[in-house]
There are 2 protein chains.
Amino acid sequence: MAGTYRKTPQYCGDCPVRQNALFRPISLEHIQTVAKHRLGQREVPASTHLYRQGEDAAEAFTLFDGWVMLYRAVSDGRRQIVRFALPGDFLRFQPDLYGPVNHSAQTLTPATLCVFPRQNLLEMFRQNPELAMQMAWITSRDETIAHEHITSLGRRSARERIALLFLELHHRLTSRGLADDPPGLALPLKQEHIADAVGITTIHANRTLRSLREDALAVFSGGRLQLLDRPALVELTGFHPDTFTPRPLL
Amino acid sequence: MAGTYRKTPQYCGDCPVRQNALFRPISLEHIQTVAKHRLGQREVPASTHLYRQGEDAAEAFTLFDGWVMLYRAVSDGRRQIVRFALPGDFLRFQPDLYGPVNHSAQTLTPATLCVFPRQNLLEMFRQNPELAMQMAWITSRDETIAHEHITSLGRRSARERIALLFLELHHRLTSRGLADDPPGLALPLKQEHIADAVGITTIHANRTLRSLREDALAVFSGGRLQLLDRPALVELTGFHPDTFTPRPLL
DNA sequence: CGACCTCTTGAGTGAGCTCAAAAACAGTGG
DNA sequence: CCACTGTTTTTGAGCTCACTCAAGAGGTCG
């Protein structure tokens, strides 16, 4: 298990809310609104289900630290990972806040979360409309990423999909200053996760990873990713970071 | 070309904004705010590009009438349809309102749109925070639909994907009261569109449609869809309408 | 009537799947 | 420190779903 998945969050001071992606460009007044409504912080170990598909979950979360995967189960027992949530991401915001969740969320590493009871969430938005705009912005960014995934799954080969996933995660991590120094990048994933994210078999993911390795494009091993030939990967996938670049709405 | 794609929108009175999905559950005050900021209504013929991938589009739209497809082009000339927009949907809301669009939008039928200059959009949200919440709600619903597509593309067979697309469109249309009476349902699509939406070849879409027809599950022909055996289709896909049901956030 | 779509069908190929099993790698308890 | 167990990775062999190439049928429009 190479890689430290659990760096001490450098942005976690007295009020860890402050530096979160949702609330970054926001004034002190907003922070106070938020602080009032959050239920508190919660630490959970790896492999914990935060909620499951179909449940009437009572809470929404901001992820401070750690990785979470959001996935949907298909009837025959297979699953599709729809999103990897990274520190700063928001979980369980959905059209019908009072209805059943349409996906499951499980931690991939130990994680630190900020918990919001759903009622507070609405109250919070009412009191502080700027937050609602921020939420619209975040959700819109997530939708954009989802569209990128749709394109990938619908129109790219296994090799291209994995390459794109690597570039995307690399970009999302580095643009948030979450990448660590040593050669490569810590991704707390099994080959199985990669397979479930890009819609192929674990076995085929293995073969595809080998081919990427043999072509000296990228090496993923022991939870560490090294992009050996970034230009070639970009060329292969047509990756354009703008898609994932968070810019302020305002 | 069977099917009337262009029913007179029964919700279009003096202020067609009123009944739109975005603004449905909203008070008169809000409607006035909106009316002040919209640029006006626009009618465009079928096959019109509203905007293209990469452009710095200056406008966002509410779709009053007609169908629009949102798609992304991949390097080798293939394309992936990421969303079919139906009357009531919102177009071109994205994280970076001032940046380039990450997809293209083309009408499938003649369409009526309400145009918002992007600056007005932000101004509008500031003046009327409830609208920002509505936007968050809409975007979140679109994201949910996107997740369903991801699951479909990643983990389902061609047959299941097409069946699911049919059930989804059927549900989205009927739940908005947009389905017309005669046997079946008017879908202004070519087989090519179905193929580009579910991530297969046009030729394979044709074969799959034939197989659905031969098994008396669904018939799609001449722009008309008939769900012959809905229970079997639901069984096949595990379709659960909740996913697409719009319920108010408030 | 010819030009152009869209739909349809056939034949052969290939990317990705299934089944099966071995090898590498923890973690556990003695 | 080592045997034991369960998980993850790796490799092989054969199959299938979906793709490519090619061509014909049907419909629409100037």
Side-chain angles (χ1 to χ4, degrees), chain A residues 1-3 5 45-47 69 74 76-81 106 108-109 152-165 186-215 218-225 236, chain B residues 1-3 45-47 69 74 76-81 106 108-109 152-165 187-215 218-225 236:
Chain A
M1 266 305 123
Y5 305 133
S47 293
M69 66 169 177
V74 185
D76 59 344
R78 313 181 72 181
R79 76 175 172 194
Q80 174 67 43
I81 295 177
Q106 187 177 17
L108 291 168
T109 67
S152 199
L153 289 164
R155 290 298 179 217
R156 289 190 223 268
S157 67
R159 165 179 262 253
E160 294 166 332
R161 292 183 211 176
I162 291 184
L164 192 59
L165 176 67
L187 307 183
L189 305 174
K190 313 283 181 198
Q191 291 185 358
E192 190 189 347
H193 296 124
I194 295 177
D196 283 342
V198 304
I200 61 178
T201 309
T202 305
I203 297 179
H204 195 55
N206 179 286
R207 287 191 234 270
T208 308
L209 285 171
R210 167 161 54 119
S211 112
L212 286 173
R213 191 189 329 130
E214 285 172 355
D215 295 350
V219 178
F220 175 73
S221 169
R224 283 219 147 262
L225 169 68
L236 175 65
Chain B
M1 270 301 127
S47 291
M69 64 168 178
V74 184
D76 58 344
R78 313 181 73 182
R79 77 175 172 192
Q80 174 66 42
I81 295 177
Q106 188 176 17
L108 291 167
T109 66
S152 197
L153 289 165
R155 290 298 179 215
R156 289 189 223 268
S157 67
R159 165 180 262 255
E160 293 167 332
R161 292 184 212 175
I162 291 184
L164 193 58
L165 176 67
L187 307 183
L189 306 174
K190 312 282 181 201
Q191 292 185 356
E192 189 190 348
H193 297 123
I194 295 176
D196 284 342
V198 304
I200 61 178
T201 310
T202 305
I203 296 178
H204 195 55
N206 179 287
R207 286 192 235 271
T208 308
L209 285 171
R210 169 161 54 119
S211 111
L212 286 173
R213 192 188 328 129
E214 285 171 355
D215 295 348
V219 178
F220 175 72
S221 170
R224 284 221 146 257
L225 169 67
L236 175 66

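Just so it is clear: chains get the letters A, B, ... in the order the sequence lines come, proteins before strands, and each one is counted from 1.
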**Message:** Which residues pass the salt bridge (Lys or Arg N to Asp or Glu O under 4.0 Å) test with R161(A), not counting sequence neighbours?
**Reply:** none
**Counterpart residues, side-chain contact (heavy atoms from CB on, under 4.5 Å), relative to E160(B) (two or more places apart)** = R156(B), S157(B), L236(B)
**Item:** Nearest-Å distance for atom pair CZ/P, residues R207(A) and dA15(C)
**Value:** 13 Å
**Message:** Give the residues of residues 197-206 of chain B touching DNA chain C, defined as any heavy atom closer than 4.0 Å, sorted by residue number.
**Reply:** I203(B), N206(B)
**Prompt:** Could you state the interatomic distance from CG (L189(B)) to CG (L165(B)), rounded to the nearest 0.5 Å?
**Reply:** 7.5 Å
**Request:** Measure the angle between the two terminal helix axes of the helix from dT8(C)-dA23(D) to dG30(C)-dC1(D), five base pairs each, and quote it to 10°.
**Result:** 40°
**Asked** Roughly, in whole Å, what's the span from CG in D196(B) to P in dC19(D)?
**Response** 11 Å
**Request:** Scan residues 200-209 of chain B for pairs that pass side-chain hydrogen bond (donor to acceptor under 3.5 Å, both in side chains), counting only residues two or more places apart or in two chains.
**Result:** Q191(B)-N206(B)
**Message:** On the nucleotide dT8(C), are OP1 or OP2 found under 4.0 Å from the side-chain N or O atoms that R210(B) carries?
**Reply:** no
**Request:** With sequence neighbours left out, write down each residue that passes salt bridge (Lys or Arg N to Asp or Glu O under 4.0 Å) with R155(B), or none if nothing qualifies.
**Result:** D196(A)
**Item:** Atom pair CD1/CD1 of I194(A) and I162(A) - distance to nearest 0.5 Å
**Value:** 6.0 Å
**Message:** Nearest whole Å is fine: how far is dT6(C) P from L209(B) CG?
**Reply:** 15 Å
**Request:** Check whether the side chain of R159(A) and the base of dG16(C) form a donor-acceptor pair under 3.5 Å.
**Result:** no
**Asked** How many Å lie between CG on L189(B) and C1' on dC7(C), as a whole number?
**Response** 15 Å
**Message:** Does this structure show an ion pair linking D215(A) with R159(A), if we count only N-O contacts that are shorter than 4.0 Å?
**Reply:** yes
**Request:** Measure the spacing between CD1 of I81(A) and CG of L108(A) and express it to the nearest 0.5 Å.
**Result:** 7.0 Å
